[in-house]
Amino acid sequence: MKPFTYERAETPAQAAAAASKPGAKFLAGGTNLLDLMKLQIETPTHLIDIGRIGLDKIEPTSDGGLRIGALVRNTDLAADARVRADYAILSRALLAGASGQLRNKATTSGNLLQRTRCPYFYDTNQPCNKRSPGSGCSAIAGFSCQLAVIGSSDVCIATHPSDMAVAMMALDAVIETVKPDGKTRQIPISEFYRLPGKTPHLETTLEINELITSVLLPAPVGGIHVYHKVRDRASYAFALVSVGAILFKDGSGKIALGGVAPTPWRNASAEKLIQSGAKEFTNKLLEGARPTQENAFKLPLVQRTIEGVLTENRS
């Protein structure tokens with residue numbers, strides 16, 4: 001781990017102002033950042049500890065939704081009675097995502113910002129455009145079983161690892177931020193993540209050292225909430241394919257995928273075909289897919305998983 005300086009912020013404004021220092025990074029739960037620092041994949045020169053700035057409450061909004069503070073722990077979010085009753089897809093995704101020990105430390109904002117678990121990203125002896133722009137992508141001709149089948153590019157086929165973000169995508173969440181100059185903004189989660197294109201190291205639309213302060217959930221929409229995760233082992237593995245679904249009595253629904261793309265994957269136009277069946281919906285949802293030979297199995301796996309979710313929850 002390379003040397004760095006450290007300070008503890010006491011307010012969101014103080015944290016945002018401190019982020020103007022060159023090489024600064026925010027430290028919350030640290031469950032991903034510290035591992036990356038040990039491997040020298042992340043090399044911040046200054047850490048801003050935001051653990052004591054508040055932002056750890058779940059509060060109702062004036063329109064009947066919820067505002068989830070950026071520092072709400074995953075354990076507390078999954079256990080909140082309002083989340084379990086009205087946003088069950090979120091609670092189920094969190095419980096599927098990590099062990100209890102990790103959930104006790106991991107935060108809402110950190111979960112959204114966690115970085116890919118592509119093995120070549122973590123292997124600093126291998127070229128990786130996400131880790132070192134312009135160096136090449138070892139995964140494309142390498143071991144790609146776990147990696148993206150859609151939304152990828154000629155320079156990166158990594159997947160986004162978050163289960164929580166898949167649920168947030170299906171829920172149409174909005175992310176609230178503050179910039180180092182004090183300005184605030186709201187970013188719909190559909191506009192928050194970037195596809196890799198030629199710049200896979202740019203993963204979100206956040207500006208440099210822009211701080212997530214909270215996540216807004218809209219008023220409850222009802223329906224049946226499902227989070228189904230297919231993985232190599234039963235206990236806390238990252239998804240080969242995951243399906244987060246909110247299904248309504250009229251046959252319509254909202255469905256987002258994990259484990260198949262560089263972002264949580266959702267296509268609103270494809271959702272118009274849910275009532276036509278899993279095959280038609282999946283064909284539209286994965287239109288333009290570019291699997292490798294090793295991960296082409298994900299295409300039929302997505303269809304079968306969606307078919308199972310639809311059949312089980314509408315029978």
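Start at 1 with the first residue, then count along the sequence. Worth saying up front: this structure is predicted, and the values here are computed from it rather than measured.
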Testing the basics here: between [X] and [Y], what is the closest heavy-atom pair and its distance to 0.1 Å?
X      : Y      : value
Phe143 : Tyr120 : N-OH, 2.7 Å
Leu90  : Leu77  : CD2-CD2, 4.1 Å
Tyr227 : Ile89  : CB-O, 4.2 Å

Inset, instruction - Give the cluster check for Tyr193 versus Met164: same hydrophobic cluster or not, with ILVMFWY residues linked at side-chain heavy-atom distances below 4.5 Å. - result: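 Per the 4.5 Å side-chain linkage, Tyr193 and Met164 are co-clustered.
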Inset, instruction - State plainly whether one hydrophobic cluster holds both Phe297 and Ile157, where clusters connect Ile, Leu, Val, Met, Phe, Trp and Tyr through side-chain heavy atoms under 4.5 angstrom apart. - result: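 No.
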Counting N and O atoms only, with roles assigned by atom type, does the side chain of [X] sit under 3.5 Å from a partner on the main chain of [Y], one being a donor and the other an acceptor?
X      : Y      : result
Lys298 : Gly259 : yes
Arg103 : Ala98  : yes
Ser144 : Ile140 : no
Thr205 : Glu191 : yes
Tyr87  : Met168 : no
Lys2   : Thr43  : no
Asn32  : Arg115 : yes
Ser135 : Ser132 : yes
Asn104 : Gly100 : yes
Arg131 : Gln126 : yes

Quiz question: by atom type and distance under 3.5 Å, do the side chains of [X] and [Y] form a donor-acceptor pair?
X      : Y      : result
Thr177 : Glu210 : yes
Asp250 : Gln275 : no
Asn295 : Thr292 : yes

Inset, instruction - Could you list who else is in Val155's hydrophobic cluster, with ILVMFWY side chains joined at under 4.5 Å, directly or through other members? - result: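 Its cluster mates, by chain and number: none.
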Legend entry - Greater than 12 external heavy atoms within 6.0 Å of Lys179's NZ: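 Above 12, so yes.
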Inset, instruction - Would you confirm whether the ring centroid of His46 sits within less than 6.0 angstrom of the ring centroid of Tyr6? - result: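 No, too far apart.
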Inset, instruction - For Pro161, check side-chain contact (heavy atoms from CB on, under 4.5 Å) against everything at least two apart and list the hits. - result: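 Counting only residues at least two positions away or on another chain, Pro161 forms a side-chain contact (heavy atoms from CB on, under 4.5 Å) with Gln114, Arg117, Phe238.
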Legend entry - Residue pair Gln303, Asn283: steps toward the side-chain hydrogen bond (donor to acceptor under 3.5 Å, both in side chains) verdict: CA-CA 8 Å; Gln303 181 181 323; Asn283 286 344; 5.8 Å; no
Before accepting this row, confirm whether a basic side-chain N of the pair [X]/[Y] lies closer than 4.0 Å to the acidic partner's carboxylate O.
X      : Y      : value
Arg304 : Glu307 : no
Arg290 : Asp154 : yes
Lys130 : Glu203 : yes
Glu42  : Lys25  : yes
Arg266 : Asp172 : yes

Inset, instruction - Decide yes or no on salt bridge (Lys or Arg N to Asp or Glu O under 4.0 Å) for Arg185 and Glu176, but give the supporting numbers first. - result: CA-CA 6 Å; Arg185 65 170 174 155; Glu176 295 187 311; over 6 Å; no
Legend entry - Side-chain heavy atoms of His228 within contact of Thr305, under 4.5 Å: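 Touching, per the 4.5 Å side-chain cut-off.
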